[in-house]
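Structure incoming, see below.
Residue numbers start from 1 in every chain, and the chains themselves are labelled A, B, ... in the order their sequence lines are given, proteins ahead of strands.
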Protein chains: 2
Amino acid sequence: MQQQTYLKGCLSAIVLQLLQENKRMYGYEITQRVREITAGELLLTEGALYPTLHKLEAEGVLSTENALVDGRNRKYYKLTENGHQQAQTAVSELSDFVSNLQKILNLKPSLG
Amino acid sequence: MQQQTYLKGCLSAIVLQLLQENKRMYGYEITQRVREITAGELLLTEGALYPTLHKLEAEGVLSTENALVDGRNRKYYKLTENGHQQAQTAVSELSDFVSNLQKILNLKPSLG
DNA sequence: ATTTTATACCTAAGAAAATTTTGTATTTAG
DNA sequence: CTAAATACAAAATTTTCTTAGGTATAAAAT
């Protein structure tokens, strides 16, 4: 088992959190940002990230704009007006989840 | 989206953590313990828990003993000798993951 | 007395979500 | 001129949980 295992379910919320902090980001940038923040411990695979981005776009949470930078195509994603709401909700729920996980992991041994 | 969404992937590690702290527990007890710890915010469904317990038993991580208590059958689970190792690994990885999530969410780690 | 709630275990069908694998294409470094 | 980094994406697969059931006993409520 690796840390990646635990990522399941959190991916959308992580993307939304990053997009709350940055007006717009492109896919590759998101993978690198997570790598930076976690010192390489957490790696988003592209095969997981892009379907998530597309899903969020289809749901109207994200909108996109294409740009040509240094001859390469980039697809920037940003929160829609509606998306800001949902981002806040998702991030707040993830925070609560982290807090609960913390409680579970910090329990003192009980007498069995 | 609810907190349950984020649980994906963490279930085994949570079970292993609880079994590190308690010599033996039975399925229903585990669901109630998580409910207690998280003040009802996180609910393990039996449909997810029992298959996980059976999987861990099949992998040799857990062993079982049956007991009849107050006319009801209980199946206690505990870590095997091998299981203690794997529990430590899983829990440590989950801790690292939580710590990384906190970094992404800009939360302050509550306990190193 | 009888119904409901709590306790206690379990399975199966299906959905949800990420992974693996593979593919395309350009730029930069060796 | 080859490999690595940048940048996107689809298809098939696997893992994992949810939903929805099923069985059974004891205690509490009506």
### B:Arg72 CZ - D:dA26 C1' separation (whole Å)
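Taking atom C1' of D:dA26 as the reference, CZ of B:Arg72 is at 4 Å.
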#### Entry: Flag, side chain of A:Glu93 to backbone of A:Ala90, donor-acceptor distance under 3.5 Å
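Side chain of A:Glu93 to backbone of A:Ala90, a donor-acceptor pair under 3.5 Å: no, none is there.
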### Task
Would you check if the side chain of A:Ser95 reaches a backbone N or O of A:Val91 as a donor-acceptor pair within less than 3.5 Å?
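Yes, because the side chain of A:Ser95 sits within donor-acceptor range (under 3.5 Å) of the backbone of A:Val91.
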### Message
Do A:Leu43 and A:Thr31 have side chains that approach each other closer than 4.5 Å (heavy atoms only, starting at C-beta)?
### Response
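A:Leu43 does not reach A:Thr31 side chain to side chain.
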### Query
Rounded to whole angstroms, how far apart are CE on A:Met25 and C1' on D:dT6?
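My rounded result for the distance is 15 Å.
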### Task
Would you please confirm or rule out a distance under 4.0 Å between OP1 or OP2 of D:dA10 and any side-chain N or O of A:His54?
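For D:dA10, OP1/OP2 do have a side-chain N/O of A:His54 under 4.0 Å.
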### Message
D:dA5, OP1 or OP2 - any side-chain N/O from A:Tyr28 closer than 4.0 Å?
### Response
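Negative; the distance criterion is not met.
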### Message
By nearest heavy atom, map A:Cys10 and A:Gly71 onto DNA chain C; which one lands nearer the 5' end?
### Response
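This one resolves to A:Cys10.
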### Task
Could you state the atom-to-atom distance from CG of A:Leu56 to P of D:dA9 in whole Å?
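After rounding, the reported distance stands at 13 Å.
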### Message
Please determine whether a side-chain nitrogen or oxygen atom of A:Thr52 lies at a distance below 4.0 Å from atom OP1 or OP2 of C:dA18.
### Response
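Affirmative; the distance criterion is met.
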### Message
I want to check something: taking the side chain as every heavy atom from C-beta on, are A:Leu16 and A:Leu56 in contact at a cut-off of under 4.5 Å?
### Response
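Counting from C-beta outward, A:Leu16 and A:Leu56 do come under 4.5 Å.
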### Query
Within the pair B:Arg74 and C:dA8, is there a side-chain N or O less than 4.0 Å away from OP1 or OP2?
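Checking B:Arg74 against C:dA8: at least one side-chain N or O falls below 4.0 Å of OP1 or OP2.
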### Task
With a 4.0 Å heavy-atom cut-off, tell me which residues in residues 38-51 of chain A come close to DNA chain D, sorted by residue number.
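The stretch gives A:Glu46, A:Gly47, A:Tyr50 as the residues lying under 4.0 Å from the strand, ordered by number.
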### Message
Regarding A:Lys75, tell me which of base, sugar-phosphate or nothing describes its non-hydrogen contacts under 4.0 Å with the strands shown.
### Response
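Sugar-phosphate: the residue A:Lys75, judged by heavy atoms under 4.0 Å, touches backbone atoms but no base.
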### Query
Between A:Glu65 and A:Lys78, does at least one N-O distance fall below 4.0 Å, as a salt bridge requires?
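A:Lys78 and A:Glu65: salt-bridged.
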### Query
Given atom CD of A:Glu29 and atom P of D:dA5, what is their separation to the nearest angstrom?
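Value for this atom pair: 18 Å.
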### Query
What is the distance, rounded to the nearest whole Å, between atom OH of A:Tyr26 and atom C1' of C:dT26?
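In whole Å, C:dT26 C1' and A:Tyr26 OH are 14 Å from each other.
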### Message
Between C1' on D:dT16 and CG on B:Leu53, what's the gap in Å once rounded to a whole number?
### Response
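Atom-to-atom, B:Leu53 to D:dT16, this comes out as 14 Å.
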### Euclidean distance, atom CD1 of residue A:Ile14 to atom C1' of C:dA18 [Å, nearest integer]
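In whole Å, C:dA18 C1' and A:Ile14 CD1 are 12 Å from each other.
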### Query
Side chains of B:Glu36 and B:Gln32: donor-acceptor distance under 3.5 Å anywhere?
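No, no side-chain donor-acceptor contact under 3.5 Å.
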### Query
Rounded to the nearest Å, what distance is computed from the CD1 atom of residue B:Ile30 to the C1' atom of nucleotide C:dA8?
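Distance, rounded to whole Å: 13 Å.
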### Message
Heavy-atom nearest nucleotide on DNA chain C for B:Tyr76 versus A:Leu11: which residue maps closer to 5'?
### Response
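Whichever sits nearer the 5' end wins; that is B:Tyr76.
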### Query
Would you say the side chains of B:Asn106 and A:Glu21 form a donor-acceptor pair under 3.5 Å?
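There is such a pair between these side chains.
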